[in-house]
2 protein chains.
Amino acid sequence: MTKIELSTEEKILQAAVEVFVRDGYDGSRMQDIADLAGINKALLHYYFRSKDKLFERVFDEKVQSFFPQMSEILAQEISFIEKIDFFIEGYIKLLLKNPFIPLFVLNTVNKKDKQDFIQKMPLDIMRKATESYYQDLQKLQIRELNPMQFMMSLMGMCVFPFLAKPIMLRSFNATNEMFEYMMLARIDELKKYVRLILNP
Amino acid sequence: MTKIELSTEEKILQAAVEVFVRDGYDGSRMQDIADLAGINKALLHYYFRSKDKLFERVFDEKVQSFFPQMSEILAQEISFIEKIDFFIEGYIKLLLKNPFIPLFVLNTVNKKDKQDFIQKMPLDIMRKATESYYQDLQKLQIRELNPMQFMMSLMGMCVFPFLAKPIMLRSFNATNEMFEYMMLARIDELKKYVRLILNP
DNA sequence: GTCTATATAAGGATAGAC
DNA sequence: GTCTATCCTTATATAGAC
């Protein structure tokens, strides 16, 4: 246990991440964040001026820590199928560590007064993936399909169990440990699916 | 334009559905619901006593109108692959008419104080699908895989584009009309995917 | 920088008239 | 059944002392 002394700003940010991600923007209370950070509300405003500003910092923080890895994978100089393999493995392992980020992000981009936040997302992922797909299609290494539809499917397959985790746990009568195990097994299962879909 | 005179209770319920589904529980205001229903707040409480009770009615209403159709498809006396075909087509067309239900439901079941609502979900879908899968597996009509993992994948593929619609629209630089067209095309694309996965 | 105290506003819920 | 007026609690935000 390394005990690092955090600055007040870092303590606040850490607490804010936890509360906002768990309770959503509307469900979050500045008081809860202050309590968790071990300070009082006034100090929150001293550091971040408003709930909106604090939320934006939290969103930036999480999005920047979560998505860039996915973007990098697609930029590598390997075949499309290999990229997809890395994507599945990287994404699911990242989700196991951050299971609530997807719902947090989806809520934010679907919120009327948070539309500006969409541009903070890595919007080039789709373009990059499409380019990579067509390169391999030319070389006849891959089946012909619609790459956008395929990428939406891939993301959906990876992220859905985490979004619907409470329903899945109940449906399977499973524990958290079993869920984690299922998600690790899921990596190979999904790799199998995409091979069946992509191999010509 | 058929102009049906709604009872006050129905007007309230209709307004409540719109507001709760759009803004979520925490983001919704009783005032907004009253305004939309064309009445005042006091009358809301006269009919439904509290925000919690009104919300529960809305959830029941939407869940009961949304999911039973999916359950029925899986109960038909047809092959597993045919069921999946119907599932894809039925689910996506239902989502085109109710694009915001999934996020609404996922938020509810992921909310700490709404855990009881999980039991309102059609939890037998997974069991039914698994049974149907193994029947066809025995007849060697289908590839061997994990049916739970497959069902999670199927649902994820269907629902993800709707959850992430704002991001998809921006990524593809698409309009609402284009999105709808894509989702209709998606029905056949997904049928193709599941055939590649399931056919032995 | 950090605190206590408080201003100000919003939101859920109720009382009571009609 | 429906309304106006109001209560009560909670939330964000700020003032001012230390």
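In what follows, chains are A, B, ... by sequence order, proteins preceding strands, each numbered from 1. None of the values given here were measured: they were computed from a predicted structure.
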Quick one: does any side-chain atom of R29(A) pair with a main-chain N or O of D26(A) as donor and acceptor, under 3.5 Å? yes

Do [X] and [Y] have side-chain atoms, one donor and one acceptor, less than 3.5 Å apart?
X: R127(B); Y: S171(A); answer: no
X: N176(A); Y: E180(A); answer: no
X: Y181(B); Y: E177(B); answer: no
X: Y25(B); Y: N107(B); answer: no

Sole candidate of F100(A), Y91(A), F179(A) that passes ring-ring contact (aromatic ring centres under 6.0 Å, His included) when paired with F162(A):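 One option only clears the test, and that one is F179(A).
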
Looking for any heavy atom pair under 4.0 Å, which part of the strands does S28(A) touch: base, sugar-phosphate only, or nothing?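 If one applies the 4.0 Å heavy-atom cut-off, S28(A) turns out to touch the sugar-phosphate alone, with no base involved.
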
Any residue meeting side chain to side chain donor-acceptor pair (under 3.5 Å) with T8(A), in chain and number order, not counting sequence neighbours: none

Which whole-number value in Å describes the distance from D23(B) CG to dA10(C) P?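 D23(B) atom CG is separated from dA10(C) atom P by 17 Å.
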
Within residues 32-58 of chain A, which residues have any heavy atom lying less than 4.0 Å from an atom of DNA chain C?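 Going residue by residue through residues 32-58 of chain A, the ones with a heavy atom under 4.0 Å of DNA chain C turn out to be I39(A), N40(A), A42(A), L43(A), Y46(A), Y47(A).
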
DNA chain D: 5'-most and 3'-most nucleotides touching chain B, 4.0 angstrom heavy-atom criterion: dG1(D) to dT4(D)

Given the rule in the ring-ring contact (aromatic ring centres under 6.0 Å, His included) test, do Y193(B) and F150(B) qualify, once you have shown the distances and angles that lead to the verdict? CA-CA 12 Å; Y193(B) 293 176; F150(B) 175 79; over 10 Å; no

